[in-house]
Amino acid sequence: TASAVIIMLAPRENRDSAVSGIQTMQHAMGDLIGSWGPGLVAAVLLFFAFSSIVANYIYAENNLIFLRLNKPLHIWTLRVITVLMVLTGTLVSLSVVWQLADIIMALMAITNLTAILLLSPTVRILASDYLRQRKLGVQPVFDPA
């Protein structure tokens with residue numbers, strides 16, 4: 001939304017119709033705040049991409065730890081795969097990168113939805129116990145038994 005507002009606020013007379021994507025944003029920022037606008041957009045994009053890669057790596061490593069696969073071999077394999085994915089992302093076309101990202105996100109959504117469905121009976125039991133304790137007027141206490 002912020003990017004769309006910036007692009008809409010920028011003057012339209014200087015726009016090149018052949019420019020698209022992030023270049024449109026860079027031109028708009030250049031028109032609005034001056035010659036350092038495109039560099040600012042590039043820096044923000046760089047930090048966003050870097051922080052996204054680091055965060056996703058941390059999620060993946062935490063999953064290995066949760067699954068008790070945190071042996072040095074597994075961790076280093078994850079690191080090598082991460083670096084290879086970053087390098088591959090720089091070599092293939094943008095449409096392929098987006099398609100792969102969509103497929104991976106769909107697989108993660110399917111995995112999460114399956115886990116939610118499998119855990120729903122347990123959640124129902126815990127929620128009913130919590131509500132029962134609240135109706136009795138006591139401070140709810142979690143008892144795993």
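We count residues from 1, following the sequence as given.
Taking a 4.5 Å side-chain heavy-atom cut-off between Ile, Leu, Val, Met, Phe, Trp and Tyr, the cluster of Leu107 extends to Ile103. Hydrophobic side-chain contacts under 4.5 Å tie Ile65 to no other Ile, Leu, Val, Met, Phe, Trp or Tyr residue. Hydrophobic cluster membership of Phe142, counting Ile, Leu, Val, Met, Phe, Trp and Tyr whose side-chain heavy atoms lie under 4.5 Å apart directly or via other members: Leu126. Within the hydrophobic cluster formed by Ile, Leu, Val, Met, Phe, Trp and Tyr side chains joined at under 4.5 Å, directly or through other members, Tyr59 stands alone, with no partner residue.
Taken together through direct or relayed side-chain contacts under 4.5 Å among Ile, Leu, Val, Met, Phe, Trp and Tyr, Leu32 and Val5 form part of one hydrophobic cluster. Ile104 and Leu94 fall into different hydrophobic clusters, where Ile, Leu, Val, Met, Phe, Trp and Tyr are joined by side-chain heavy atoms under 4.5 Å apart, directly or via other members. Residue Met85 is not grouped with residue Val83 when hydrophobic side chains (ILVMFWY) are merged at heavy-atom distances under 4.5 angstrom, including chains of intermediate members.
Screening residues 134-145 for side chain to side chain donor-acceptor pair (under 3.5 Å), with sequence neighbours left out, gives Tyr130-Arg134. For the salt bridge (Lys or Arg N to Asp or Glu O under 4.0 Å) condition, the pairs that include at least one residue of residues 117-130, sequence neighbours left out, are Asp129-Arg132.
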Listed pairs under 3.5 Å, donor-acceptor, residues 112-120 side chains, sequence neighbours left out:
residue: Asn112; atom: ND2; partner: Met108; partner atom: O; Å: 3.2
residue: Thr114; atom: OG1; partner: Ile110; partner atom: O; Å: 2.7
residue: Ser120; atom: OG; partner: Leu117; partner atom: O; Å: 2.8

Donor-acceptor contacts, no H, no angles, side chain residues 39-52, under 3.5 Å, sequence neighbours left out:
residue: Ser51; atom: OG; partner: Phe47; partner atom: O; Å: 3.0
residue: Ser51; atom: OG; partner: Phe48; partner atom: O; Å: 3.0
residue: Ser52; atom: OG; partner: Phe48; partner atom: O; Å: 2.8

Using residues 66-81 as the side-chain source, report each donor-acceptor pair under 3.5 Å to any protein atom, sequence neighbours left out, with the distance given to one decimal.
residue: His74; atom: ND1; partner: Leu69; partner atom: O; Å: 3.1
residue: Thr77; atom: OG1; partner: Leu73; partner atom: O; Å: 2.6
residue: Arg79; atom: NE; partner: Tyr57; partner atom: OH; Å: 2.9

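Distance OG/Ser93 to CD/Gln99: 7.5 Å, rounded to 0.5 Å. Interatomic distance, CG of Leu9 versus CE of Met29, reported as 11.0 Å (0.5 Å rounding). Note that CD of Gln26 and CD1 of Ile7 are 10.5 Å apart. Values are rounded to the nearest 0.5 Å.
For Ser35, there are no side chain to side chain donor-acceptor pair (under 3.5 Å) partners at least two apart in sequence or on another chain. Here Ile58 pairs with Val54, Asn62 under the side-chain contact (heavy atoms from CB on, under 4.5 Å) rule; sequence neighbours left out. Residues forming a side chain to side chain donor-acceptor pair (under 3.5 Å) with Thr90 (at least two apart in sequence, or on another chain): none.
Listed here is the closest heavy atom pair of Gly30 and Pro38: CA-CD, 3.8 Å.
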